[in-house]
2 protein chains.
Amino acid sequence: MTDINFLNNDDSGDAASQSDRSGEALVDLIELLFFAYRDFTSDPDAILAKYGFGRAHHRVIHFVDRNPGLTVADLLDILKITKQSLGRVLKQLIEGGFIHQVTGPHDRRQRLLYATAEGRALAARLSEPQSRRIRAALARLDPEARQTVSRFLFAMIDPAEQPKVARLVGKEPAVE
Amino acid sequence: MTDINFLNNDDSGDAASQSDRSGEALVDLIELLFFAYRDFTSDPDAILAKYGFGRAHHRVIHFVDRNPGLTVADLLDILKITKQSLGRVLKQLIEGGFIHQVTGPHDRRQRLLYATAEGRALAARLSEPQSRRIRAALARLDPEARQTVSRFLFAMIDPAEQPKVARLVGKEPAVE
DNA sequence: ATATATATGTCAACATGACTGACATAAATT
DNA sequence: AATTTATGTCAGTCATGTTGACATATATAT
């Protein structure tokens, strides 16, 4: 029924836009990235739905869990969204007891963010299927594939953002 | 100002959630995938804004351009969205003259979708910065990196979806 | 001390792109 | 003739992003 059969539908003879063979392989990678990311996010989405949360909550709890003491400004810079957007999901996560705030010790204007025990459990639960998916994918490849994939993904990030991401991830994926 | 400095904020001594060293590298890949995809989609987003279009339009025009004669059902299966969601963006693309419909020759219920000259031009314009980004990323890696990355991304897709994607992309990324 | 800048929060209005549910039409299939 | 399928559409809702304006507390500079 919902079977993809349009490869046989090519009886129109009009395949002009597909004839550019030079960039063909790159278009493949564009599409693979789309499908990989589509499925990569589907696992956590299903878990989040049980909590009444969305993908935005996932991103917040993930980065707060991974970086205890993160400030709101840090989070805004990572997620590239407005504080109004962040405000809503952050409020829900705090009210739900997944994140708690601590007034900054040096700068009392700051609210340092920490995941609670429940928050850490949720973060772990969300990352688990994603880790498993990555582990399964890498299992089919050579041992050095992880390094290659890591470097590729890092190189895909805007050059201006790469230093920040390198510090955030805690490693230098582009260096051996 | 908006400088990320929370790596120095770790004066709380509480890094419990970061102490799981076993899955550490996989968490890195989770984050790199997030950042890579975030920036990967930012280039087309800027172009789409000029047309009053969004990311949904990009996906539709891309797959229609790449697969002339695609049916609505095919598109729904690729994008994994509802027909109501697709309906709006498809309508706008048709009204804007980027896509035109042809009644199916065998099954007159079907509307085969084709990109117009303008649609092909838009698709090319959108994929150009993405191709360039990928090309630049691969340029820093070994020649066999493309094969590795391609296989990795393919393996990240739900196994049940892999055959469809393999046919759609027109290659077998998992095979040499 | 006062002025200014910064970090954060909040209110209001809005846009996009998803969703569900219901129903309509035309054409194919049984 | 009845049913299924492919598609379209109306109506309402939700999640998550946006801009603009403004408030508060605190830090910093003059």
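Throughout, a chain's letter reflects where its sequence line sits, starting with A, and its residues are numbered from 1.
- Phosphate proximity of D/dG17 to A/R59: present, with a side-chain N or O under 4.0 Å from OP1 or OP2.
- Only one option out of A/T116, A/L112, A/I99 pairs with A/V64 in a side-chain contact (heavy atoms from CB on, under 4.5 Å); it is A/I99.
- The nearest whole Å value for the distance from the CG atom in B/L76 to the P atom in C/dA18 is 11 Å.
- In this structure, A/D45 places its CG atom 13 Å from C1' of C/dC19, rounding to the nearest Å.
- Interface remark: the B/Q84 side chain does form a donor-acceptor pair with the C/dG21 base, using a distance-only criterion of under 3.5 Å.
- When the side-chain nitrogen and oxygen atoms of B/R108 are compared with OP1 and OP2 of C/dA27, one or more of them lie within a distance under 4.0 Å.
- At most 12 heavy atoms of other shown residues, nucleotides or ligands fall within 6.0 angstrom of atom NZ in A/K91.
- Of the inter-residue distances, the one linking A/I47 atom CD1 with A/L122 atom CG reads 8.5 Å to the nearest 0.5 angstrom.
- For the pair A/R111 and C/dG9, the criterion of a side-chain N or O lying under 4.0 Å from OP1 or OP2 is met.
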Check step by step if ring pair (Phe, Tyr, Trp, His ring centres under 6.0 Å) holds for A/F40 and B/F34. CA-CA 10 Å; A/F40 176 67; B/F34 165 73; 9.8 Å; no
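- For B/D107, the side-chain atoms get nearest to C/dA27 when compared with the rest of C/dA27, C/dT8, D/dG8.
- Residue-level contact check: A/Q101 touches the backbone only, with heavy atoms under 4.0 Å from sugar-phosphate atoms and none from bases.
- Both A/F53 and A/G104 sit near DNA chain D, but only A/F53 has its closest nucleotide nearer the 5' end.
- Rounded to an integer number of Å, the gap from CG of B/L75 to P of D/dA6 is 15 Å.
- Under 4.0 angstrom from either OP1 or OP2 of D/dT18 there lies at least one side-chain N or O belonging to A/T82.
- Here B/S85 does not reach the OP1 or OP2 of C/dG17: none of its side-chain N or O atoms lies under 4.0 Å away.
- Across the protein-nucleic acid pair, A/D77 atom CG and C/dT8 atom P stand 12 Å apart, rounded to whole Å.
- When only modelled atom types and interatomic distance are considered, A/S42 and A/D45 share no side-chain donor-acceptor pair under 3.5 Å.
- A straight line from CG of B/L79 to C1' of C/dC19 spans 15 Å, rounded to a whole angstrom.
- The distance between atom CG of B/L93 and atom P of C/dG17, rounded to the nearest whole Å, is 10 Å.
- B/G87 comes within contact range of no nucleotide atom at all, as no heavy-atom separation falls under 4.0 Å.
- Donor-acceptor pairing under 3.5 Å, judged by distance alone, is present between the side chain of A/R88 and the base of D/dG17.
- The line from CZ of B/R133 to CG of A/L29 is 14.0 Å long, rounded to the nearest 0.5 Å.
- With C/dG17, D/dA6, D/dG8 as the choices, the nucleotide that has an atom nearest any side-chain atom of B/Q110 turns out to be D/dA6.
- Looking at the side chain of A/H57, the nearest of the listed nucleotides D/dT16, C/dA7, D/dT7 is D/dT16.
- Comparing C/dT8, D/dT16, C/dA22 by their nearest atom to the side chain of A/K83 picks out C/dT8.
- Of the two residues near DNA chain C, A/R109 and A/L90, the one whose nearest nucleotide lies more 5' is A/R109.
- As a whole-Å value, the separation of B/K80 NZ from C/dC19 C1' is 17 Å.
- Closest contact between the side chain of B/A56 and the listed nucleotides C/dG17, D/dT26, D/dG8 involves C/dG17.
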